[in-house]
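This report refers to the structure that appears directly beneath it.
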Number of protein chains: 2
Amino acid sequence: MTSHPGPTGTNLAGLRDHNAALVLGLLRAAPEGGSRVGLADRTGLTPQAIGKITGRLLAEGMIEEAGQSASTGGKPRTLLRLRAEAACAVGVHLERDELTVLLVDLTGRHLHRHTGPVEEGIAPGDAVGLVADEIRRATEALPAGARLLGAGIGCRGPLDHAAGVLHWFTPAGPRGSSDWHHYPLRDELAARLDGLPVVVDKDTNTAALGEAPATPRPGGGLAYVHLAAGLGAGLLLDGALHRGTRTNAGEFGHQTVQVDGPPCACGNHGCLEVLCLAALERGDHAAAARLIGVGVANLVRLLDIDRVVLGGRAVLAAPDTYLDGVTAQLKARIPDPEWQPVPVTLSAAGHLAVAAGAAELVLGPLFGRRT
Amino acid sequence: MTSHPGPTGTNLAGLRDHNAALVLGLLRAAPEGGSRVGLADRTGLTPQAIGKITGRLLAEGMIEEAGQSASTGGKPRTLLRLRAEAACAVGVHLERDELTVLLVDLTGRHLHRHTGPVEEGIAPGDAVGLVADEIRRATEALPAGARLLGAGIGCRGPLDHAAGVLHWFTPAGPRGSSDWHHYPLRDELAARLDGLPVVVDKDTNTAALGEAPATPRPGGGLAYVHLAAGLGAGLLLDGALHRGTRTNAGEFGHQTVQVDGPPCACGNHGCLEVLCLAALERGDHAAAARLIGVGVANLVRLLDIDRVVLGGRAVLAAPDTYLDGVTAQLKARIPDPEWQPVPVTLSAAGHLAVAAGAAELVLGPLFGRRT
DNA sequence: GCCAGTTAAACAACAGCGTTTCCTAAGTGC
DNA sequence: GCACTTAGGAAACGCTGTTGTTTAACTGGC
């Protein structure tokens, strides 16, 4: 009824859900299984409370027993693990020319994968119909008894995450030029899927989520840098996506790295993206990598993050060049020994990074990830 | 006993404290007072729950009744407000050459203020003794019956907030050159103040806290940019300070804005700080302001923040020049109408910004601010 | 002046959370 | 075989916010 912004009061139900999510999150981080005693130690709750919480989760079918660990002089611990087939989520990557739909279970396994072309300049209604059809097809792979928690959609920005509305100014095709502007993607898709919960976010954000560890370090951060037609970043700070007030955070490509550099279409001068794309047009991946390294060093210094992940079509075209180039720039530009070396890696999920992260958009809250 | 990192389980006491903090936070944001009904509406809790919570807070003396609001056709609402004299906190700004100590009450009023010189090159033990003495003197202004919640210390980085340890590599004075390196400021000070809770943070961080609104907008952010002997920033994201893994976030001055620019002492090339300090040495505040504007535009685009605050000795020397210069750069470099204009202001607290924010370091958690 | 209508706030009984206390189960090692 | 150790459940408990009901206080029509 009253949907106020800002902080919210919590009642007993909220308390229960919070602790249950905590337990599920810890079990997700331990695929081989975790013990009740271990959970009590990690959460700070009493063993008795953990017993009740795991009892509820067992009764709901969210977790299952998984053997015992070795004895340490007494009764061995009973191991618990997520019941993978208890629930699933759909992750969607909607690009201008391609659609990827993924069905993943609680443990993140891919149960179904579809990748197919999308007609350029397709009308929004047709595109949503296509997505809905593919989601329905994906749910045929749903295990018996599994709940479908929702669908996450990752697509290019700008967009409004909270409202699930796109802000695409320049549609790709010849049809009505503002078809996609202010298009309520979330609600349109939910309406075609019988009210299934739908979450929409920027592709760079979901890709970052896909790389996120199950149990984030407090204060830790991760940046996913995406180089394709444009240059953007997804920021994961303190375990949660940082979207900013208008879901516009992550404009990595439009940082100025050359005060009086060449003009950019965005109106700025000396944007990293302009220089980087120019290098790409010359086919000079090494120069592009060096430039990205400059931007990454800026970002690492500003946010003191733990890890940098590289992805996107251009990066996947010459992965080692980017890995080496960015790493070298980081080392050269942040020589201070107090700054621990920030590891740079390639996106583990590759072309599926955005879709896998989109599914995590739905799964994350179940495991206590802040939204 | 077990102090694990990461997320923690919550019990009834935690639930109670959470809701109480929420209520206190909402009342802080309404100095004229807030009604029980309004609190119930804002928190989502039932009026009955609010009645119990406010009853407890009234009994503890944390809040008090403050008249009634106008009737809207029924019984008028009873207004509640913070009892300013219920508790206080000390805010300290420890600089190389100056010490500021502030005693503030629950509503943020300054009850005592001390500013005095510090001998350059002072030994850590002597400095801590000086700070402890001034804190004791400040607490003489403590209202009768008021609890002293703790002391927050803002000083230059690098330092480790979690451990309360300084990492100052280049001591100012002639005495033992590594006196201050790895100095456990928090524990040393707490030991001299009978275990009073002490929190240590970077000056830029506490200054940012000092500008923070009592009830942050979800997703909103604020950047405090500090120009003095160096150039740094404090980042307030989603209502909480973003410190990064090693309390090193906010290295605003060492972002590269000139890829092949002049070398910086930090090892990098083309750092914003080098260019900016060079302009300052020429006495060219306008050029320095323009450069800061470039960096601020980068920051705003990367983090999609709501507000920028400028402070520091150099800024206070020519406030309007910086205000205009940074505003102009922001407008020039982010012309996109979807990006709402990001307001730029001068630090309201002026020279007391760091100390006032240091007190908020202690007060914040009481009002539900995430640490 | 009085009474119906409206809104605020307290009282009482309640369900459900984690905690405490106690006890049983299931291993190890002498 | 038995003391010891560790895991985990049962029952009673304290305390949270919730639900249902009652009382307090003000407005406005007649």
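We name chains A, B, ... by the order of the sequence lines, and we start the count at 1 in each one. These figures come from a predicted structure and were not determined experimentally.
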Please list each protein N or O that sits under 3.5 Å from an N or O in nucleotides 11-16 of chain C, with the distance.
from, atom 1, to, atom 2, distance (Å)
dC11(C), N4, Gln48(B), OE1, 3.3
dC11(C), N4, Gln48(B), NE2, 2.3

Under 4.0 Å between a Lys/Arg side-chain N and an Asp/Glu carboxylate O for Glu65(A) and Arg81(A)?
no
Using whole Å, report how far CG of Leu39(A) lies from C1' of dA7(D).
13 Å
Answer yes or no: does a side-chain N or O of Asn19(A) lie under 4.0 Å from OP1 or OP2 of dG18(C)?
yes
Among Leu80(B), Leu82(B), Ile63(B), which residue satisfies the side-chain contact (heavy atoms from CB on, under 4.5 Å) criterion with Leu57(B)?
Ile63(B)
Report the distance from atom CG of Asn11(A) to atom C1' of dT19(D), rounded to the nearest whole Å.
13 Å
Between Asp306(A) and Thr245(B), is any side-chain donor less than 3.5 angstrom from a side-chain acceptor?
yes
Just how far, in rounded Å, is P of dT18(D) from CD1 of Ile50(B)?
9 Å
Check whether any side-chain N or O of Thr46(B) sits under 4.0 Å from OP1 or OP2 of dT18(D), and answer yes or no.
yes
May I have the distance from Asp41(A) (atom CG) to dA7(D) (atom C1'), rounded to whole angstrom?
14 Å
Identify the two heavy atoms, one from Asn11(A) and one from Leu15(B), that lie closest to each other, and give their separation to 0.1 Å.
O-CD1, 3.9 Å
Output the rounded distance in Å from CD1 (Ile53(B)) to C1' (dG17(D)).
8 Å
Taking CZ in Arg56(A) as the centre, count heavy atoms belonging to other residues, nucleotides or ligands within less than 6.0 Å. Is the count above 12?
yes
Could you give the distance from CG (Leu303(B)) to CG (Leu303(A)), rounded to the nearest 0.5 Å?
5.5 Å
Closest non-hydrogen contact found for Gly74(A) with Ser71(A) is O-OG, 2.6 Å
Any Lys/Arg nitrogen of Arg83(A) or Glu85(A) sitting under 4.0 Å from an Asp/Glu carboxylate oxygen of the other?
yes
Give the residues of residues 65-79 of chain B touching DNA chain D, defined as any heavy atom closer than 4.0 Å, sorted by residue number.
Gln68(B), Ser71(B), Gly73(B), Gly74(B), Lys75(B), Pro76(B)
Specify the residue among Pro47(A) and Leu45(B) whose closest nucleotide of DNA chain D lies further upstream toward the 5′ end.
Pro47(A)
Asp17(A) CG to dT16(D) P, in whole Å, measures 20 Å
Find the distance Arg36(B):CZ to dA24(D):C1' and express it as a whole number of Å.
13 Å
Just wondering, are more than 12 heavy atoms of other shown residues or ligands nearer than 6.0 Å to CZ in Arg192(B)?
yes
